[in-house]
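First up is the structure itself, then whatever we jot down about it.
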Amino acid sequence: MSSTKNERSYKAQKVLDRMGQKLNRQMVGSLTACVHCGMCTDSCHYVLANPGDPTFAPAYKADKIRKLFKRHYDWTGKVFPKWVKAGSVYTDEELQELKDIVFGKCTNCRRCTVNCPMGVDLATFNRMARGLLCYVGIMPEGVEYVAKEQWEIGNQMGVLKEDYIETIEWQEEELQSEMEDPTAKIPIDKPDSNIVYVINPREIKHDPRSVLDAAKIFYAAGEDYTMPSEGWDMTNFGLFNGDDDLGGAVAGRVYDKVEELNGKKLVISECGHGYRSTRCEGPNWAKKDITFEAESSVITMLKYIKEGKIKVDKSKNPGSYTFHDSCNNARSCGLTEEPRELLSLVVEDFREMYPNRAENYCCTGGGGAMSMAEYRPSRLKSAKIKADQLTATGAKTVVTSCHNCVDGLTDLIGHYKLGMDVTQLVNLVANALVIDDIVDENKKKYAEKEEVSSGAAQ
Amino acid sequence: MSNLLHFSEHTLQEVALVLMATVYFLRIKWFLKWPLGKERQPATGLGDTNPKKGARYSFGLIAKPWAMESTRSKPFMYAQFVVFHLGVVASITLSFIIPYGPGLLMSSTFVSVIQVLVGAAFIVGVMRIIRRISNPYIRAISSPDDHFSLILLTSWFAFAFLAAPNDISGGEGVMLTYFILTAFFLMYVPFSKISHYLYYPFTRTYLGRHFGRRGVFPIRRKPAYQVSK
């Protein structure tokens, strides 16, 4: 329903009412403290890729949300609206315009946050604004679709339980074949395990190799682990669409399953937003203090090598590699050193990308951007910054610990014809595994068993 | 000294200060009524940082231009920030020295120090006005309050420069203007963006604690684990 400036649309009113319920003191501080110094401007990859266009500047985008806060919740804006650029929304068209900013011009990467002298956290209230719009049904179609899948089916790619189990079983057969061990298992719902391993549905749907690679590593380490049959999706579109209820429900499913299985530790496969959602934000959204340990599979793999549980040979990964820090891992979870340490143990030629760690640029697929087809041209234009960063390393392969980044990087590498490959640490670690002795032993053991059984049959 | 100048130096300033303090009190009260977002996630990161360390680092960023890319890559902007804010401190100090400790201004060195600080801040103020009007990025985000606050402060620096010798032998115009501007400044600040320093400790603490808990602050910029071939 649209309306004129004299009367506010139903949705616009809902957005303003809801804003009051979603604000907290941290956000109010960020909404109030900006001095319009412009120091954040050059930190944004959208700005750098669109020189001369101030509408991409973080402070400009922030002001589109800030004006609503000032007009309706901050008394200076209530008394002197024009003086402080406070304003309201009246029509659904204005909400659509806001949608194009909060979804289409910002990946919530938080690069401006770490560059703001005042400590303004734009990404946090940009996420809130996304949530307000989603609350009234205004969001990119792809975001709506994925969120619906996650609400209704339990994972963001709508993978049915049968398909999930079937894929795990298929990878189990691959594992048995590669390890020459017909008893090798990828356990599902095994109670009292040391580790409950949760993954990104993309691994089931598009990249089952990463499930196999993780299984090989667990097998080689002799780990007592399980994958859950439910609550296995560690990704969370609640982070992208700003819906704390969805965020809490999805993270809660994972936590409940770990508790049901009495798992000692939750290990989250490589995914930036999944790690952030499940490890960091999930307890806040679900309003639940988790009682078990939770860690990234990057840390688990690194521990295996350091503790001598697995052996790796870096010469098995020839070629040159660089590492792309996922924004969520680096800028929101401090996961910057462990992936580098692990990478340096499994490849011979690691070339650092600059800037890196918490100063790295977004792959441009963050914030759910990969599901927003309508903004693809703008996203790929902004990806020029990342493309230049990648090219400058001279590396042939870019490694990242994030499935979203894999897709974002693959898209931009194709667009800018960089001719680079994209891979994840789990693939490199699995490839570098020194398992010949395990496989030979298995071969011998099962050959002997076969001989014994065939002898008994005769 | 005329009654008007005496009133401007004392009563007017005191009233303005009381008003400013009252509005600041109300602002803080308003701010604190917002619920504090709770952090439930277990601490992450390398384990060599924590919320307290993150908050300290976050506060310290103001004095570490090398720590943030935005200030590291624009040292001239950072220098402007330092000069401008030192000018504010000098000008505020002057507004107390003239009525309550004029003896200090007998020292020409002291007067020169004040004049250098506010004079430099005036130049920076003019540069900032030009930047705010001419830079398309800054112009696009500027509100009338941004422009007015900057012009107000820059003008105030100019009159602080002239008032620093505390000499009314040539007339009271400069001193009157400086004190009336100071009083207006004190009353206007709580309603304007100039009051950003009121929120600064909160925003930096909250962000620092948040990033400290997650192992993001202090930001690491180590060399790579393995140097490329």
Side-chain angles (χ1 to χ4, degrees), chain A residues 23-30 32-33 35-36 38-43 52 54-55 57 59-60 63 75-76 80 82-85 113-121 279-281 283-284 287-290 294 320 331-337 340-341 344 349-352 355 357-359, chain B residues 30-32 34-42 44-46 49 58 61-62 68-71 73-74 77 81 131-132 135-146 148 191-193 196 199-200 202-208 210-211 214-216 219-226 228-229:
Chain A
L23 289 168
N24 63 28
R25 202 183 303 159
Q26 287 94 328
M27 267 190 257
V28 170
S30 283
T32 317
V35 288
H36 292 151
M39 294 295 277
C40 56
T41 307
D42 294 341
S43 65
T55 64
Y60 183 90
D63 272 3
W75 50 276
T76 54
F80 319 107
K82 286 187 179 161
W83 192 248
V84 294
K85 266 195 171 176
T113 300
V114 297
N115 275 295
C116 173
M118 285 296 295
V120 170
D121 190 0
R279 176 71 172 78
C280 304
E281 312 290 357
N284 294 333
K287 296 182 174 57
K288 181 184 172 87
D289 295 310
I290 58 173
S320 50
R331 265 190 291 276
S332 284
C333 299
L335 190 65
T336 56
E337 306 312 301
R340 283 175 169 74
E341 194 173 356
S344 69
D349 184 359
F350 166 35
R351 304 175 181 189
E352 191 61 271
R357 297 177 170 87
E359 293 186 343
Chain B
W30 166 82
F31 180 67
L32 293 178
W34 293 99
L36 193 62
K38 192 179 174 187
E39 295 270 30
R40 289 175 191 266
Q41 78 275 15
T44 51
L46 288 177
T49 187
S58 183
L61 285 174
I62 196 169
M68 280 196 302
E69 184 194 76
S70 56
T71 44
S73 61
K74 298 185 190 78
M77 287 297 295
F81 152 79
R131 178 173 176 256
R132 198 161 278 284
N135 183 316
Y137 292 99
I138 307 298
R139 193 169 59 234
I141 55 175
S142 296
S143 65
D145 174 44
D146 292 321
F148 182 75
F191 299 97
S192 78
K193 68 105 164 245
H196 61 278
Y199 305 103
Y200 179 84
F202 293 103
T203 53
R204 287 255 60 118
T205 303
Y206 294 148
L207 195 70
H210 171 78
F211 278 146
R214 294 182 177 204
V216 179
I219 284 182
R220 292 169 182 82
R221 259 184 304 278
K222 292 176 187 171
Y225 270 91
Q226 190 173 329
S228 60
K229 275 186 175 175

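Letters A, B, ... mirror the listed sequences (proteins, then strands); counts begin at 1.
Listed by chain and residue number, A:M39, A:N115, B:M68 satisfy the side-chain contact (heavy atoms from CB on, under 4.5 Å) test with B:S70 (two or more places apart in sequence, or in another chain). Applying the salt bridge (Lys or Arg N to Asp or Glu O under 4.0 Å) criterion to A:K85, with sequence neighbours excluded, gives no partner residue.
Residue contact with chain A, scored on non-hydrogen atoms closer than 4.5 Å, is absent for B:S58. With a 4.5 angstrom heavy-atom cutoff, B:F202 does not touch chain A via any of its atoms. Heavy atoms closer than 4.5 Å to chain A are found in the side chain of B:L207, but not in its backbone. With a threshold of 4.5 angstrom between heavy atoms, A:C40 does not approach chain B through any atom at all. The contact between A:A57 and chain B is made entirely by side chain atoms (from C-beta outward), counting heavy-atom distances below 4.5 Å. For a residue to count as touching a neighbouring chain, one of its non-hydrogen atoms must lie under 4.5 Å from one of that chain's; by this rule B:I62 does not touch chain A. Using a 4.5 Å cut-off between heavy atoms, A:S320 makes no contact with chain B at all. Residue A:K287 touches chain B through both its backbone and its side chain, counting heavy-atom pairs closer than 4.5 Å.
A distance of 9.0 Å separates CG of A:N284 from NZ of B:K38, quoted to the nearest 0.5 Å. The distance from atom CZ of B:R220 to atom CZ of A:R357, rounded to the nearest 0.5 Å, is 8.5 Å.
Contact count versus chain B (heavy atoms, under 4.5 Å) is highest, among A:V35, A:T76, A:T55, for A:V35. Contacts with chain B were tallied for A:G38, A:G29, A:A294, A:P117; A:P117 has the most, counting heavy-atom pairs under 4.5 Å. The choice from A:V84, A:T41, A:D121, A:T32 that makes the most heavy-atom pairs within less than 4.5 Å of chain B is A:T32. Counting heavy-atom pairs closer than 4.5 Å to chain A, the top-ranked of the candidates B:T203, B:D145, B:L61 is B:D145.
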Checklist entry - Which is it for B:F191 and A:W83 under the ring-ring contact (aromatic ring centres under 6.0 Å, His included) test, yes or no, and what are the steps along the way? => result CA-CA 10 Å; B:F191 299 97; A:W83 192 248; over 10 Å; no

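With hydrogens and angles disregarded, no donor-acceptor distance shorter than 3.5 Å links the side chain of A:R25 to the backbone of B:G37. Remark: the backbone N or O of B:I138 is not paired with any side-chain donor or acceptor of A:Y60 at under 3.5 angstrom.
With A:C280 as the partner, the side-chain contact (heavy atoms from CB on, under 4.5 Å) test is satisfied by one option alone out of B:R40, B:H210, B:R214: B:R214.
Annotation: side chain of B:L36 is in contact with side chain of A:Q26 (closest heavy-atom distance under 4.5 Å).
Summarising the geometry of B:P136 relative to A:P54, their closest heavy-atom pair is O-CB, 3.7 Å, with the distance given to 0.1 Å.
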